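Before any comments, here is the structure.
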Amino acid sequence: MYRRLTSSLLGRRVHHPQFTPVCLRLGSGGCSRWEEEKKEDGVKWTQLEHRGPYFVPLYEPLPEDVQFYYDGKPLKLSLATEEIATFYAKMLDHEYTTKETFQNNFFNDWRKEMTLAEQKIIKDLDKCDFSEIHKYFVDKSEARKALPKEEKQKLKEEADKIQEEYGYCILDGHREKIGNFKTEPPGLFRGRGDHPKMGMLKKRIMPEDVVINCSKDSKIPEPPEGHKWKEVRFDNTVTWLASWTENIQHTLKYIMLNPSSKLKGEKDWQKYEVARRLKDVVQNIRAQYQIDWKSKEMKKRQRAVALYFIDKLALRAGNEKEEGETADTVGCCSLRVEHIRLHPELDGQENVVEFDFLGKDSIRYYNKVSVEKPVFKNLKLFMKNKNPADDLFDRLNTTILNRHLQSLMDGLTAKVFRTYNASITLQEQLKALTNSEDNVAAKLLAYNRANRAVAVLCNHQRSTPKTHEKSMQILQTKIDAKKQQVEEAQEELKKAEDEFKDTKDAKAEVNVEKKKKKLKRLEEQLSKLNVQATDKEENKQIALGTSKLNYLDPRISIAWCKKFGVPIEKIYNKTQREKFAWAIDMANEDFEF
DNA sequence: TGTTCTACTTAGGAGCGTTCTT
DNA sequence: AAGAACGCTCCTAAGTAGAACA
């Protein structure tokens, strides 16, 4: 894979000091750098050394005067029971704690950790009073915020020291930043959406739960005093440094490198190269799935319609999920009949499909799309004699789809379409929206609009900021005031003009010009405010960050910056520049996705 | 062939520090 | 100077996808 990727780039004279220098003499007999850098298939590193995870501090008991009450009476809890009580107490302000599932799951798990004596007393969550504990933590956080500067500085230094010690590893001779070097603290599980496991107790991770991965000849990390690792292994075919199994869903959690690392950067680059290869064959693929809409095989038709959705609407693949274990969300292949409605005609458009389902993170996907006639017909067919809860594509799953895609192009999977369509959209939108005559601010507005088009395509949403309504009102007040001013200025201008008509006086003429100027200035300010309001309104539920970080080939943005004289810092902050170091180094203004 | 396990990317929200407004 | 708004970092859940297993 790497060889192919690299050789495909040879013509573009790519180099990056941080990244593997590419051998430019391939085929001209031996290249020691290449030999040195090239790893066997699947091998990710030759040297990996680190300190192991940083374990979050142990529980500190509450002060004596902070009490838990049961049925109105103070009750001293055992340490373990108290700790779990604090998890709930801390969340009292949160909407979660009002949900029945959350309460039940919490109470169940809490009771399991209680002593027998406690179990006998504490039988009803409604009789539990956590308010004093809650207040204790609110006060504590206030106190921390109010700490004098020097104290805050001291805390910062302590955190930096931990970061310095545990936050880096050595990978193939380079010091690399680790992404998440701390174990996750215990607490109550907060799933997204209507999660059946919300409120369950997430247990503390101990060294005995942790598998360490490093190189054999490295300094093996020491477990904390008096503890042992679950296992130490030396697997250079994976990129993780440590792992443990989490107790809610029984899935693995990993400690991995920061996106700024060479390892992650090269993987990112590779991802965009695959998407660029799709660009060369996408027209053929589209032509083929349109033919397949009319296939005799129902299986093929379903595959072709699903692929059309993935391509046109940037839907996710939609793996199957275990029922009852997670929130009920779907992607393309797992769509059910109840998630779409067919309208032969709607709002003047024909063959409209109305999508309404919860996707990843329980984010709602709602869209009305006019589709080609054969797609519409097929959907009707797929839905025939089915219940709302039945699968729309009953003969398709992501494995089948991806196997097909793999046969169309090496490395092609459903998610590549999202990457490809996102990046190509950015490139096209930038071309359409950027005006080289504009100043930097206007160019940035164009960039954000292009970015927004992608975010809309990928359905990247955020919850409306709590302050949105209010700041919108403030803006509206400003607009109203400005309108008033404009009207006044219009009247003043009219008066001045009348006066000039009457007097033909030079002074009056000057006054007319003055009033005209004033009106123009005010009108400009008004239109600026209106644009701002539109912008804000359009952006209130759209998150730009996700596409910027995960879907848009950074070389497109960098090329745009170079071409139009926009400093890269205007579009990428420090972290983002670190992540995209590879692209910043290799892309010039001619880069084409 | 279906199921489970593993490894990795993608995702939105919380919280906090900084900047802008009043 | 205080408060609001904004932007960034951290956090960890929730996806995708392929391998291993039965």
Side-chain angles (χ1 to χ4, degrees), chain A residues 42 44 56 90-91 93-94 96 141 144-145 152 155-156 159 163 167 179-185 187 189-193 195 197-198 202 211 213 235 237-240 243 245-246 248-259 263-264 267-268 270-271 310 315-322 325-327 329-334 358-363 397-403 405-406 411-419 422 455 458-463 465-468 470-471 474-475 478 536 539 541-551 572-576 578:
Chain A
K44 308 288 168 59
V56 292
K90 281 177 188 168
M91 296 177 75
D93 291 333
H94 204 286
Y96 273 113
S141 116
R144 211 161 45 83
K145 273 182 214 151
K152 276 188 181 168
L155 288 173
K156 174 107 195 330
Q163 160 87 38
N180 55 327
F181 60 89
K182 291 176 179 168
T183 59
E184 292 172 17
F189 176 76
R190 307 151 85 120
R192 316 236 169 98
H195 197 117
K197 299 197 171 185
M198 62 167 82
K202 203 173 112 163
V211 179
N213 191 36
D235 184 353
T237 69
V238 296
T239 65
W240 52 269
S243 71
T245 301
E246 141 291 319
I248 305 281
Q249 327 243 34
H250 312 289
T251 59
L252 283 158
K253 297 259 182 170
Y254 301 94
I255 288 189
M256 288 190 187
L257 293 177
N258 187 275
L263 194 74
K264 293 283 189 191
K267 195 78 190 297
D268 207 31
Q270 184 183 309
K271 173 181 79 184
I310 285 169
L315 299 190
R316 294 187 186 81
N319 283 325
E320 283 123 305
K321 314 168 55 174
E322 208 172 335
E325 296 289 301
T326 57
T329 62
V330 297
C332 185
C333 293
S334 51
L358 296 182
K360 181 176 180 181
D361 294 318
S362 292
I363 297 293
N397 61 40
T398 54
T399 311
I400 296 170
L401 179 65
N402 281 332
R403 207 182 315 128
L405 293 175
Q406 199 65 243
L412 187 61
T413 64
K415 90 196 253 290
V416 178
F417 280 86
R418 250 167 101 80
T419 311
C458 294
N459 200 39
H460 289 142
Q461 297 191 22
R462 57 171 184 170
S463 54
K466 285 186 197 77
T467 51
H468 175 80
K470 211 174 129 201
S471 57
I474 292 168
L475 200 53
K478 275 189 194 167
K536 202 171 193 128
N539 233 6
Q541 283 180 311
I542 297 169
L544 301 184
T546 304
S547 49
K548 204 173 185 179
L549 233 47
N550 301 302
Y551 287 103
Y572 290 140
N573 68 32
K574 190 165 158 282
T575 316
Q576 292 163 340
E578 280 166 10

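In what follows, every chain begins at residue 1, and chains take the letters A, B, ... in the order their sequences are listed. Since the model is a prediction, treat every value here as computed from it, not as a measurement.
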What's the shortest heavy-atom distance between [X] and [Y], and which atoms?
{"X": "A/L405", "Y": "A/T413", "value": "CD1-C, 3.5 Å"}
{"X": "A/L315", "Y": "A/R418", "value": "O-CD, 4.2 Å"}
{"X": "A/A422", "Y": "A/Y551", "value": "CB-CB, 3.6 Å"}
{"X": "A/S243", "Y": "A/Y254", "value": "CB-CD2, 3.7 Å"}

Just the atom pairs and distances: protein N or O near nucleotides 6-10 of chain C's N or O, under 3.5 Å.
| unit_1 | atom_1 | unit_2 | atom_2 | d |
| --- | --- | --- | --- | --- |
| C/dC6 | OP1 | A/K536 | NZ | 3.2 |
| C/dC8 | O5' | A/N573 | ND2 | 3.4 |
| C/dT9 | OP1 | A/T575 | OG1 | 2.5 |
| C/dT9 | OP2 | A/T575 | OG1 | 2.5 |

In 5'-to-3' order, the base (B), backbone-only (S) or no-contact (-) status of each nucleotide in nucleotides 17-22 of chain C, using a 4.0 angstrom heavy-atom cut-off, is BS----

Quick one, give me the B/S/- string for nucleotides 11-18 of chain B, reading 5' to 3', where B means a protein heavy atom under 4.0 Å from the base and S means that only happens at the primed atoms, P, OP1 or OP2. SBSS-S--

Identify whether any heavy atom of [X] sits under 4.0 Å from a base atom; if not, whether one sits that close to sugar-phosphate; answer base, sugar-phosphate or nothing.
{"X": "A/P259", "value": "nothing"}
{"X": "A/F189", "value": "sugar-phosphate"}
{"X": "A/E246", "value": "nothing"}
{"X": "A/K197", "value": "nothing"}
{"X": "A/K44", "value": "sugar-phosphate"}
{"X": "A/G359", "value": "sugar-phosphate"}

Short side-chain N/O contact to [N] OP1/OP2 from [X], under 4.0 Å:
{"X": "A/H195", "N": "C/dA14", "result": "yes"}
{"X": "A/K321", "N": "C/dG15", "result": "yes"}
{"X": "A/T329", "N": "C/dG15", "result": "yes"}
{"X": "A/T251", "N": "B/dT6", "result": "no"}
{"X": "A/K271", "N": "B/dT10", "result": "yes"}

Partner set under side chain to side chain contact (heavy atoms under 4.5 Å, CB included) for [X], not counting sequence neighbours:
{"X": "A/Q249", "result": "A/F189, A/H195, A/K197, A/E246, A/T251, A/T326"}
{"X": "A/K202", "result": "A/E184, A/N247, A/I248"}
{"X": "A/D361", "result": "A/R192, A/I363"}
{"X": "A/A317", "result": "A/T398, A/A414"}

If we count only N and O atoms by modelled type, under 3.5 Å, do the side chains of A/T329 and A/K321 hold a donor and an acceptor together?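 Judged by distance alone, the side chains do pair up.
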
Could you work out, with ring pair (Phe, Tyr, Trp, His ring centres under 6.0 Å) as the rule, every residue matching A/F417, not counting sequence neighbours?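 For A/F417 there are no ring pair (Phe, Tyr, Trp, His ring centres under 6.0 Å) partners, ignoring immediate neighbours.
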
Who passes side-chain hydrogen bond (donor to acceptor under 3.5 Å, both in side chains) against A/Y572, sequence neighbours left out?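 In terms of side-chain hydrogen bond (donor to acceptor under 3.5 Å, both in side chains), with neighbours along the sequence ignored, A/Y572 is linked to A/S557.
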
Could you work out, with side-chain hydrogen bond (donor to acceptor under 3.5 Å, both in side chains) as the rule, every residue matching A/N258, not counting sequence neighbours?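 A/S260.
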
Using five pairs at each end of the helix from B/dT1-C/dA22 to B/dT22-C/dA1 to define an axis, what is the angle between those two axes, to 10°?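 Roughly 10° between the end axes, to the nearest 10°.
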
Please name all residues satisfying salt bridge (Lys or Arg N to Asp or Glu O under 4.0 Å) with A/K271, sequence neighbours left out, ordered by chain then number.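 A/K271 satisfies salt bridge (Lys or Arg N to Asp or Glu O under 4.0 Å) with A/D268 only.
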
